[in-house]
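For reference, the structure discussed in these notes is given below.
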Amino acid sequence: MRRLFPAPQDPSAAVDREWELTEIADAYAYPAEHADGGWLRANMVSSLDGAAHHGGRSKPLSGAADMRIFGVLRALADVVVVGAETVREEGYRPARQRAEFTGRRRAAGQTTVPAIAVVSASLHLDFSLPLFTEPAVPTLVVTGAKAPAHGLAAARTAGVEVIVAGDESGADPVRLKRALAERGHTRLLTEGGPRLLGQLAAAGVVDELCLATSPRYTVGTAPRLMSGPEIPEPRDLALTDLLEDSGFLFGRYRRG
Ligand SMILES: NC(=O)c1ccc[n+]([C@@H]2O[C@H](COP(=O)([O-])OP(=O)(O)OC[C@H]3O[C@@H](n4cnc5c(N)ncnc54)[C@H](OP(=O)(O)O)[C@@H]3O)[C@@H](O)[C@H]2O)c1
């Protein structure tokens, strides 16, 4: 892996080499202002032609460096916010405890692993899956006040904490972020998918986008990273970092 931007002061730092996990973690540290209402980072991988998945999975777009960064970003987060369709499509499991990050997380006052927060309006979720039955830190479900009663009952029977963060069946992005931050989850990470990220981005609550551009194209009709109704005006993010590994570009963009 090598850094392309900002150009390293020391030219040897631009040399392509395997980075330690701690170096990646330092490069992706949450900014200090995360404490002020929470910092929501999105981490997504895209094909060259803008596809967010291939055959319903993001793995065909990914690679070794992307998976390493994916794991580090999880290890830095208090909570991973994910759309229900991604949970259903990708067979989401609880976050894995990693010895390399135990000390770092303890020092940062974090639980051993991040909690997973599944965002769902239908509550059409299989609460018997390990995601809900075996996590080291309880998995949360975020929904709206008009979510189906049978889904709420199923979640509560399974001992899953349900956070109501909206007046309709869905969660309101601003309330979702605030509700998680109020529970101490101020270092937030969303792993999409595109429909959830589209809503979070349209509502203006995404503080940072970590975008892995895969050196592959797929053609087809897969969605872009953010899908949903077009916003009235394009919004700018500022590029803060650009890394490269094996042809993958890892951009980091934040709100102006
Ligand atoms: N390229 C990447 O980095 C990446 C990352 C993640 C996923 N993916 C891919 O994306 C695909 C899935 O993405 P997707 O866009 O179809 O779905 P998604 O965003 O993962 O999930 C959509 C679902 O999330 C729930 N949801 C979204 N917004 C909500 C809100 N405001 N309130 C309550 N619930 C809300 C709804 O669940 P209910 O239906 O339960 O109401 C909705 O159907 C998969 O193929 C996956 O592989 C790619």
Side-chain angles (χ1 to χ4, degrees), residues 40-63 65-67 69-71 73-74 80-93 116-127 129 131-132 139-148 150-152 154-155 160 162-180 189-206 208-218 220-229 248-251 253:
L40 177 57
R41 160 183 287 172
N43 182 37
M44 301 289 284
V45 61
S46 169
S47 71
L48 279 179
D49 54 332
H53 64 73
H54 184 62
R57 306 295 291 255
S58 52
K59 196 170 175 210
L61 307 180
S62 183
D66 180 46
M67 290 315 298
I69 292 174
F70 178 93
L73 295 191
R74 279 194 160 197
V80 178
V81 182
V82 62
E85 191 62 23
T86 295
V87 168
R88 293 188 284 255
E89 283 281 334
E90 303 259 3
Y92 251 53
R93 296 187 59 85
I116 307 276
V118 182
V119 187
S120 174
S122 73
L123 299 182
H124 182 57
L125 297 162
D126 182 351
F127 293 108
L129 290 175
L131 177 62
F132 299 105
T139 295
L140 306 165
V141 168
V142 187
T143 191
K146 294 185 182 161
H150 62 274
L152 288 168
V160 173
V162 177
I163 299 173
V164 174
D167 297 331
E168 301 300 324
S169 58
D172 169 69
V174 174
R175 286 176 58 182
L176 176 154
K177 183 176 175 184
R178 194 189 311 134
L180 290 169
L189 171 68
T190 181
E191 296 174 351
R195 282 186 287 153
L196 175 63
L197 183 57
Q199 290 182 48
L200 298 173
V205 299
V206 178
E208 179 183 349
L209 173 64
C210 296
L211 170 61
T213 306
S214 171
R216 295 179 191 136
Y217 62 87
T218 62
T221 56
R224 302 143 49 178
L225 297 184
M226 299 174 185
S227 73
F248 280 76
L249 291 175
F250 299 97
Y253 301 82

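Atoms within a ligand are numbered from 1 in the order they appear, just like the ligands themselves.
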Exercise. Are any side-chain N or O atoms of Thr139 and backbone N or O atoms of Leu131, one a donor and one an acceptor, separated by less than 3.5 Å?
Worked result: yes
Problem set entry | Non-neighbouring partners of Ser58 that pass side chain to side chain contact (heavy atoms under 4.5 Å, CB included), sequence neighbours left out | Val45, Glu90
Exercise. Is any side-chain heavy atom of Arg216 closer than 4.5 Å to a side-chain heavy atom of Phe248?
Worked result: yes
Problem set entry | Within the 4.0 Å heavy-atom sphere of ligand 1, strictly under, residues | Met44, Val45, Ala52, His53, Gly56, Arg57, Ser58, Gly83, Ala84, Glu85, Thr86, Arg88, Glu90, Val119, Ser120, Ala121, Ser122, Gly170, Ala171, Glu191, Gly193, Pro194, Arg195, Leu196, Gln199
Problem set entry | Thr190 side chain near Val119 side chain, heavy-atom distance below 4.5 Å | no
Seminar exercise, completed: Sorted by chain and number, sequence neighbours left out, ring pair (Phe, Tyr, Trp, His ring centres under 6.0 Å) with Phe127 holds for Phe132
Atom pairs and distances, side-chain donor-acceptor, residues 191-201, under 3.5 Å, sequence neighbours left out:
from   : atom 1 : to    : atom 2 : distance (Å)
Glu191 : OE1    : Arg74 : NH2    : 3.0
Glu191 : OE1    : Tyr92 : OH     : 2.4
Glu191 : OE2    : Arg74 : NE     : 2.8

